[in-house]
Amino acid sequence: MISKELEEKLIAKERSILAALKRRDLSAVATALADGFHEIGNSGKSYSKAEILDALKDPAAITDYSLEQFRLLRVSASCMIVTYIATVRRRLQGKEEATRAYRSSTWIEQAGSWRMIFHQGTPITRDSIL
């Protein structure tokens with residue numbers, strides 16, 4: 001069983017990463033991601049930690065986001081998977097766009113601190129079944 005305290009901590013960490021991305025806070029994102037971090041983005045492209053941090057320079061600014069339907073799965077005492085649905089709104093060249101995706105993050109505990117080691121986003125299309 002997952003403690004309520006751990007569940008709340010990891011959900012807060014997921015939310016804090018999106019907030020840091022919105023602020024373009026390189027330091028906060030770097031701290032949240034473990035060394036060896038790997039992401040498969042909505043596009044299917046693979047990203048390293050360095051590439052994610054470099055992408056913060058992208059002009060497509062996050063203007064708003066919402067996260068819902070969190071679920072946690074314990075892999076081991078020091079490894080958890082967090083899944084949820086994210087809606088992210090971005091502005092690029094004066095145009096606003098919104099994307100919805102199923103997201104999955106793997107968190108590991110190292111030296112008493114939880115950090116994200118893997119993340120994947122899968123777009124939700126009109127044909128997707130929730």
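We're numbering straight along the sequence, starting at 1.
- Looking at residues two or more places apart in sequence or on another chain, you find a side-chain hydrogen bond (donor to acceptor under 3.5 Å, both in side chains) between S46 and H38.
- Every side chain to side chain contact (heavy atoms under 4.5 Å, CB included) that R90 has, sequence neighbours left out, goes to A60, I62, V88, E97, T99.
- Of all the heavy atoms in R115 and W107, the pair that sits closest is C-CE3, 3.3 Å.
- Under the 4.5 Å side-chain heavy-atom criterion for grouping Ile, Leu, Val, Met, Phe, Trp and Tyr, L67 is connected to L10 within one hydrophobic cluster.
- T63 pairs by the side chain to side chain contact (heavy atoms under 4.5 Å, CB included) definition with R89, R91, E96, not counting sequence neighbours.
- In plain terms, the two heavy atoms of A77 and E109 that are nearest each other are O-OE1, 4.1 Å.
- In terms of heavy atoms, H119 sits closest to S105 at ND1-OG, 2.7 Å.
- Alongside F118, the hydrophobic cluster contains I40, I108, I117 (criterion: ILVMFWY side chains under 4.5 Å).
- Between I11 and L72, some side-chain heavy-atom pair lies under the 4.5 Å cut-off.
- Screening residues 36-56 for salt bridge (charged side-chain N to carboxylate O under 4.0 Å, His left out) gives D35-K49, D54-K57 as the qualifying pairs, with residues at least two apart or on separate chains.
- There is a path of hydrophobic side-chain contacts, each under 4.5 Å, that joins L6 to M116.
- Applying the salt bridge (charged side-chain N to carboxylate O under 4.0 Å, His left out) definition to pairs two or more places apart or across chains, none involves residues 5-20.
- For Y84, the ring-ring contact (aromatic ring centres under 6.0 Å, His included) criterion is met by F70, not counting sequence neighbours.
- Taking CG of L33 as the start and CG of L53 as the end, the distance is 6.5 Å to the nearest 0.5 Å.
- Here salt bridge (charged side-chain N to carboxylate O under 4.0 Å, His left out) pairs that include residues 63-88, with residues two or more places apart or in two chains, are E68-R100.
- Clustering ILVMFWY residues whenever any of their side-chain heavy atoms sit less than 4.5 angstrom apart, transitively, puts I17 in the very cluster that holds W114.
- Legend: residues meeting side chain to side chain contact (heavy atoms under 4.5 Å, CB included) with A20, ordered by chain and number and at least two apart, are R23, D25, A28, V29.
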